[in-house]
Every structure is written in C-alpha cells, then in structure tokens.
Undergrad: 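Please find one structure pasted underneath; my questions will follow.
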Amino acid sequence: MKFKAWLKTIIFYEILIGMKATLMHLLHYKPITLQYPHEKRILPDSYRGMLALLRYDDGTEKCVGCDLCEAACPSRVIKVISAEVPDEPTKRFAKEYYMDMTRCLFCGLCVQACPVDALGMTREYEWAVYDKRQLLLNKGQLLAIGDRSYPVREKRLELQHPNVAFFNVAFKHLPPKES
Amino acid sequence: MATTAVETVRLTIDGVPVTVPKGTLVIEAARQTGVMIPHFCYHPKLKWDANCRMCLVEIEKMPKLQTSCSTPVAEGMVVRTATAVVNEAHKSVLEFILANHPLDCPVCDQGGRCDLQDFSHEYTPTTSRFIEVKRVFEKEYFSPLIETQMNRCVQCLRCVRYCDEVMDVKALAPVGRGTMTEIKHFTHHELDCEFCGGCVQICPVGAFTSRLSMYEFRPWMLKRADTICTYCGDGCQITIQTKENELIEVMSAHGAGRNNGDLCARGFFGYHATTHPDRLQHPLIRRNGQLIQTTWEEALEHVAETFTRLKLQHGPAAFGGLIASRCTNEDLYVFQKFMRLAIGSNRIDSSARYGHINGVRALRRVQGTHRWTVTFEDIVSADALLLVGTSLTETNPITGLKVKEAVKKQGAILLTIESLVPAVGTISNITNLATHHVSAHPEQFGNIVLGLIKAVIEEGLVDQALAQRATSYVQAISEAVRACPWPVIENATGATSSTLKETARTFARAARTIILVGQGVLRAPGGYGIVMNLLDLLLLTGKHDQPGCGLAPLAEENNDQGAVEMGTVAEFLPGPSDLNDRPARERIAGLWKEELPQGAGSTLIKMLEEARTGKIKAMLIVGENPVGSLPTGARAKEALEQLEFLVCQELFLTETAALAHVVLPACSYAEKDGTVTNTEGHVQQVRQAIEPIGESRPDWQILSALSGLLGYPLEYGESREILKEIRSLIPGYGLLGPAPTPPRPDQTVVDRYLREGYTEDLASRYSLAGEGQAERGSRKEGSFALVVGQTLFHSGKLSTRAKGLLQIQAAGFLGLNPANAQEIGVTEGDRVRISNEQGEMTTTVKLLDRVPEGLALFPEHFAEDRLTDQRR
C-alpha cells in the first residue's frame, strides 16, 4: 500500500490524470478554434440571443402593451407606453416600445412574463456597433428582428380561447377614449 | 346613552383573544387582530350583503361555516379562519368565480391591485375543473368616463349598494339572475349620474374602471401624493397618482381625510385642469401693447421698479391687492404680509368676499367664533338639520353626503329652504330627503327666515332661560316680527304660515340641530343679515350653546376659511382680528418687527370702484379673475383698464390676466406644498405631486422674491417656515391632526350681543325684503328669474379646463321646468336666446324637474365662453 502511494507520488500520477485530455489531444491533433467570421458555431436549441417582438399570422402585432415584461426585467431594459388602439376602441396595445439592449442580460425573464408570447429570443448575436445609441431599439426595429427571425407565425387566437379571452378585441360600436 | 360605557364582548380568533364592542362583525374583529379574511362584497361603509361567500370562517358550536361579514360577535365565540375546511371553501368559491372571470388581467387596469388576483394567488389551485365556455356579456357603451367590462364582474353588488346607500343616486342596478347577473344603468342611453367615481373605487375587480386614465398606467408604476382637493370648501383628501410627472388618476382611500374616501365628480375626474396645455409657462411682460415672453429676472425687476416709482409718486394707499381663496394658507399669509409691509397698503381682499365673509362676520359678532362650532361628525349625528339656500349636492357634495348619512342612516329630520323643488332626477337632490321643504324664490330666503322666527315666537318655542336672561332682546325681536304680518310673508314667499310653523316646531323640538347656510344666502344681497337672523333663530330656541348644535356657513372655495383667518380680507388682520384692534396690531407688529400700515381696507367691489376713479393706481392680483367671475365683468374690465400698472400671478391667461402689464406664472396645488383650511375649520396638508409646469413658481415664492427687490425681504426657505410663523400668530394652526375640536361660542360675546349688540341693525334685518315688489307669480309673459348657480360638475372657471369634466358637461345650459318650457314652446336641446338688462346670449335648454316654475337655472362656469362664441 505504502509502495503504491510512493509510486504515484514519484510519477506525478494526479497531474497525469488531470492532463489526460490535453495529452490525448496532443497525440490526435485536430484544431478546435473556429475562424469566426468565416466559420460559425452551431447554436444550441435554447440559445438566448437578440430579443424580438412577434406578429400573428395576419400581420397584427401580438403585444397588448401589458407592461409585464417591463415589470419582470431585472435591469430596466424595457419601456412600454400603452394606449388604446386608434380606431379600435377598448383594445390595448403598446403605442411605443423601447429596449435599451446595452443593459440586457439576456436572462429571458421578459419572454417568460409575456402572457401572449409576443416576445421571443432570436438566434441573432452579431450586434456589435460603433455607437451605443444604436442599441436603443424601438418597436419598429424589434418587430423587424422578429419578422426576419420568425418567418413562421402563430395563428391569431380566437376570441374564446380559454387563456386569452378578450385580448385583442375591439368593440367598434363604442366611441374611442377621448384624449 | 352617550354616558354609559360601550358593552364589550370577548372572543378568540385563531387562538388570539380579542375584546371588541358588542355588535361588531366577526370580519372587523378579525381585522383588529391582524387577520385579513378574504372578501368581495363586504365593505365597512355599506350594509353587509353576504352574497360573495368568500369570507366563510369556522365558528365553534356552529354546524356550518359562517359568513364572517354578517355574523356579529358573541361572548366566548371561538373563530378559526385558516383551517383546512375554510381553505377548501375559499378554493371552491374562487373556482366558481374563475369559471367565468376572463383571464385578461394583462390588459385590465385593475391588474396589480385586484382583490380577485390577490386571493387567487393565495387560495386557489392553478387549475380549474371547468371545461365549459366562459360566460360572455354583450358589450355595452356605459359612459365617456366610466368603462365597464361586465365579463370581469364577480357580482358582489358593492357598486350598486354604494350608489344607493352612500350617494343616494341609485344609478346602477343588477339585471339578470345567477351568473348572468349584470350591472346596468336604468336607461337605454349612456350613463347619466353624479359621476362620483365611487363605483370605480369600490369595485374589487376590473369591472368598473376609469376611462379617463384607461391603459395609461399599471398600478406599480404610480407615485402617490396625499393632498387636498381644491374644488370646494369640503376639503376632501385625495391621493394624486402620477407616472413620470404626469397626472394619471386620483383616488381617496377608505377612512382618509374628512371625506372618508368619498369623492365627487370634480375630485375624481377633474384633476386634469392643472396640466392643461394652456398653462402659463413663462413670465409675460407687456411691450407695445402685446404680452410677450420674458425671463423671471426681467419681469420681477420691472414689477419692483414700477411699484417703487408708483409708491413714491402716489403713496402706498394707491395699491390694491386681490387674491383667490383657492391659494394655500402660506400663499395667503405671505400675500397679506407683502401688501402690508412691502407695499404698506391695507387694501387687500380675496374671493372669500363673494360669500363666506358674511357667515364669518355674523358668527364673530354673535358668538365670538370665526369657525363652525360643529364638525362633520356632528352633522351625521344631528337630530334635525336645517338647510337654507345651499344647493348642497351641487356646491358641497361631501357635506351633502354627511347630511344624507344623517338622514338615511341616523334618522335625522331634514328641513330645507331651497330654491329647487323635490324631484327625482339623475343627480341626487337633497330636498327629496326633506321632511319639511319650503320652496323659496332665491330673493325670498330672508323673508322665510323671518317667517320662521315669527313662528318660533308665536308658537311659544322661545327658550325659557333665554327669555328670562335677555328679556329686552326677545322683546325687541317679538316686536320686530309682529310688524311683519303673515299675509305679507305668505304672499311674498309663497310659503304658508302653517308650513313655517310646523318647520319651526320640528326645529325647536329636536335636541341636536344644525343650520347649514349655503351660497344662495351668503352671496345674496343682505346675506349677512339673513345669517344674523338664523343665529337669532338658534339663540331664541336656546340651541346656540348646546353640544352638537350650531350654524355652519358653507364655504364655496377650498380655502375661503383660510383666507379670512390669514387676514386677506378688507376688515381683518391675521387671526382674524379686526383691523383696528390695538392689542392684536401690537402683537402682530411685534412679531413682524415692523409697524402695520394705517388706513382702512377696501373690499373687492370698492377697490374696483377706486381703480375706476383713479384712487388706486396699481394692483396685484393673485389667481383671482374679477373680469370673468363678477356678474358685472365688463365694468370690472373697464376699472382694471384704468390702472397704471396691473400685475397678475396666474395659472392661465384669464380675462383679467390678459389686461395685466406683467403676468407671472404660478404653480397649481398639485405642484406645491402648503396647507388649506376647509369649511369646518380643519387645517389640512397639500402635498406636491408633480414638478412645477414650465417656469411656474409657488405664489409665496414669487412674492418673497418680489419683496426682496422692494427692500422688505420676506425670506422663507420652504412653506413649512411660513406655517411655523402662522402658527405663532394664529391659534389653531398647530393642529394638523385628524380631529379638530371645534371652538365653543364665547359666552361673554353672546351676552354682549344679547344685551346691546343686536340693536344696531335690528330694524333693517327684521324688515321684509323686496316688499312692494310685483307679486310672486305675476312675472311678465315669457320672462324668468335667472338663478346663476353652480353645477355638480364644475367649480368656478378652473374646472372648465379639466378634460374629464368637460366630457360630462361641456357647455352651459338653461335649466327650465318642463311645464314652463311647454308654455313657451321649447324642448330639451333647443337653442334659445336669453336677454336681460346687461346683455344677451344664446344657450341650450335643459328640462329639469327640480327647477321650480318661473325660475331659470344657469351655471356660472361657462358664461364668458358662450358670449365670446357668439361674438365670433
């Protein structure tokens, strides 16, 4: 027993175990560095990249302006200004929607918080810019990202869907809210 | 009854022993131990209904679960609120409610402060066994300001009960049965009610929400500021909620302030007036006849230079000052100090002059107080209430609620002498609740009061103790009323002697009586005399010094009372003490370390007259708009145009400010700190909710800066310092607590009045007003007596800038009795041209049952707009 321990000491056994992977690659040499702009990694399915706003299949925005993403965001990336949709009384939407992506942690809490799945995380990550201000995205930009990242759109839900009854419903016979 | 100690009951709630008064409900007892029992339909303000079944608890020795909101406590009761059985019951009730409640919380404005959301998080499983389709109601348009989403309703009927029990409006009703019960209003057209917003505030879910702030916010974004509403003298506590310096909504929590969480349309929907886009943002200065934007430095220096020059040329007496009694006590105090020290003139007046001063002067003369001797609580617990010329719901809606509570819940007897007649309408009418109502032509209030006193004397209702103590006083009044024979009184007023006698008997018989005097009397010519006579009525029936009895003049503007107490009226120094009161002068001079100016004060009307004749050369007008609000606006304009120099501190470019040489932008109540004194003499805190709009500054800061330039620096760091100074000068301002003790009548003053004080104007007070005029009813064909009054939805001119209130009432109207309207052949909505000696204008007819025949009601708020419209 004592001999065995002594042997392990003099041949640096633990270090050999630790270096096993390195030594193996040393023998079977194959480069693993990617030549980035020319080569790109295959992203995992759950990759959390750039955020985007999505649309229904008929082209309408999914977002109902509920501000829950704003409430869920830990780093105050999001700012929603909600209002009644012009010409569609009692229907709520985000009149303005801003994301300050310089602060985003890509934690995905906003996507989880969204009750209508209007937010999605894309697989885009190439967002290096020379000017930080270009990372302050507005609703149009976020929708554009969604449009190019999610070509297949969800079908617009029926009025009586158990989870979203009375979302996205306008009552045309009512007068709009006066401003 | 009051002397015996309240019986108490001991019980145990969740193992905690608690002692509560007998008759307390279990839910309230639990609240005292810190246990919140979930509930929807229960509300402390309302009678229990026990329809939501959410508040079930387990009570030992009772076979089934009990609704804690309807079970009074009993001795030795053992209540458990969190057992497995109770939790199971909560789960079931919520499962039933959620079977139909739509999951649209993300777009619901109640989301985040919703009882159903909170209870669901606490008690329900996340799944439901219901697979059926949810109930859907057809969406109906409710009103421009109140949004309903009946699919969200949990049918607790709080709104319906509030509307009936508290507001006495009865605009809402449940329609349908079971889960298909829907809250509706009675008519097919849109909601037409008082718009108090009570249903919005009391709804536990999002079935009723405000359309005014719809979708603008989420509850967690809002910043709150507890402040005081500035629309009327009631002084309701409101909580202004703001989001990023924007006014979002107003609410008032249950139990808050003197209003106990109740509001009126002006308080609940009228908050946008202060952020109207027309607000003045920069100082304006007149150059070549035009008002142009300038800097604060230039404007203030110009004012200071001109003031100094005019003071050297004409002396300090050539200056006059006017201030609106909507300003805070601090503004009013600094204003009068500025006028008295920096300028050196006693020519000061405020809008308390229009009416409230008459009430205060009468109170001071007869009983030596300048405030009510009663409180709102006394009104609620009174046995009889006499209303004279109040139009209570329209002018002071929350005092109106106290009267309604006294009548409906405490069984008080209501006696009214009003120009409106009882009639069912969409806005509650206080005369409907009256046991004895005397319908009076607005000019006849004095004569009816005279008739009441005559009845008191003839019916032998005079207090025996008083008759012995002040024989000559009773004798003098008896003789005076004997000179007014019944037939003449009956003929003039249209009230029969038997009605008046019956009213007088009821009034004298009740133990706790309060007389509420409204603007109909206070603003009338001779209003002071009528208030004096009403005080005589109290004295004669021996009630003036009884607990819970008194005379209460209702203030129209939020700080009328404060304006008088701060000494911003012609006849008073701060205190209020008389202008010539030597000890008071010395005390104030000692504190100010400066001599007070000599010379008499001038009332508002006299000041305008002096301006016309050139006696006054310069005026400083703070927030007041005589051109717009005086009935003789054109004459006021003429007078102000004569001035060499006019400075206005204003929120908006009003008719008066448009005449000014320099206009300084001032802050509204939402942008400054301070205190205001409500009609019952309760000093309350105004707190800043938003940053000042543009370059506007609080009035006291402007005056403080100006005083420095004039060489008499009145330096204050913040409004608190001014309050501290006020406190050292005026008793009663140290109290900012919840319940002020009202002053008692000063017995020496009362004795002096009974001995000799009454004599000086007895003859003029006790003569029939308008005698020899054309008989009642003999009006000329097609002519009406015009009553210019307030409506419930507006207050002064300020509220006509509030977009919410404009959605309820956007323009003036002419209220006519349907019978009269038929006579002259007009119907609802017709445009009519009305004219009198002063001018003519066109307006829309509105048929109102409550307007008596021969009268025409016209709201004072819109007159000017309409006239300008017509000129175009």
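So you know, we letter chains A, B, ... as the sequences are listed, proteins then strands, and number each from 1. No experiment lies behind these values; they were computed from the predicted model shown.
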Undergrad: Taking side chain as everything from C-beta outward and backbone as N, CA, C, O, which of these in B/Lys803 sits under 4.5 Å from a heavy atom of chain A? Side chain, backbone, both or neither.
TA: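 When you check distances to chain A, only side chain atoms of B/Lys803 fall under 4.5 Å.
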
Undergrad: Determine whether the side chains of A/Ser75 and A/Arg103 contain a donor N or O and an acceptor N or O closer than 3.5 Å.
TA: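 No, no side-chain donor-acceptor contact under 3.5 Å.
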
Undergrad: Non-hydrogen atoms of chain A under 4.5 Å away: do they reach the side chain of B/Leu145, the backbone, both or neither?
TA: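 Neither part, no heavy atoms under 4.5 Å.
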
Undergrad: Does B/Lys846 qualify as a cation-pi partner of B/Phe813, given the criterion of NZ or CZ under 6.0 Å from the six-membered ring centre and within 45 degrees of its axis?
TA: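 Checked: cation-pi criterion met.
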
Undergrad: Have a look at A/Ser82 and tell me which of A/Glu96, A/Arg92, A/Glu70 forms a side-chain hydrogen bond (donor to acceptor under 3.5 Å, both in side chains) with it.
TA: A/Arg92

Undergrad: Could you look at B/Glu140 and say if it's the side chain, the backbone, both or neither that has a heavy atom under 4.5 Å from chain A?
TA: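 For B/Glu140, the backbone is the part near chain A, not the side chain.
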
Undergrad: Go through the atoms of B/Arg211 and report whether side chain, backbone, both or neither lie under 4.5 Å from a heavy atom of chain A.
TA: both

Undergrad: Below 4.5 Å from any heavy atom of chain A, which atoms of B/Glu244 appear? Answer side chain, backbone, both or neither.
TA: side chain

Undergrad: Pick from B/Lys223, B/Arg218, B/Arg113: which one makes a salt bridge (charged side-chain N to carboxylate O under 4.0 Å, His left out) with B/Glu249?
TA: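 Checked B/Lys223, B/Arg218, B/Arg113 against B/Glu249; only one passes salt bridge (charged side-chain N to carboxylate O under 4.0 Å, His left out): B/Arg113.
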
Undergrad: Verify the neighbour count for atom CG of A/Asp57: are there more than 12 heavy atoms of other residues, nucleotides or ligands below 6.0 Å?
TA: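 Atom CG in A/Asp57 is crowded, with more than 12 foreign heavy atoms closer than 6.0 Å.
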
Undergrad: Just checking A/Leu34: does its CG atom have more than 12 heavy atoms from other residues, nucleotides or ligands closer to it than 6.0 angstrom?
TA: yes

Undergrad: Is it the side chain or the backbone of B/Phe217 that comes within 4.5 Å of chain A heavy atoms, both, or neither?
TA: backbone

Undergrad: Quick one: what part of B/Thr209 sits under 4.5 Å from any heavy atom of chain A, side chain, backbone, both or neither?
TA: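 It is neither, since no heavy atom gets under 4.5 Å.
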
Undergrad: Based on non-hydrogen pairs under 4.5 Å, which of B/Tyr215, B/Tyr141, B/Phe142 is most in contact with chain A?
TA: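 Among the listed options, the one with the most contacts to chain A is B/Tyr215.
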
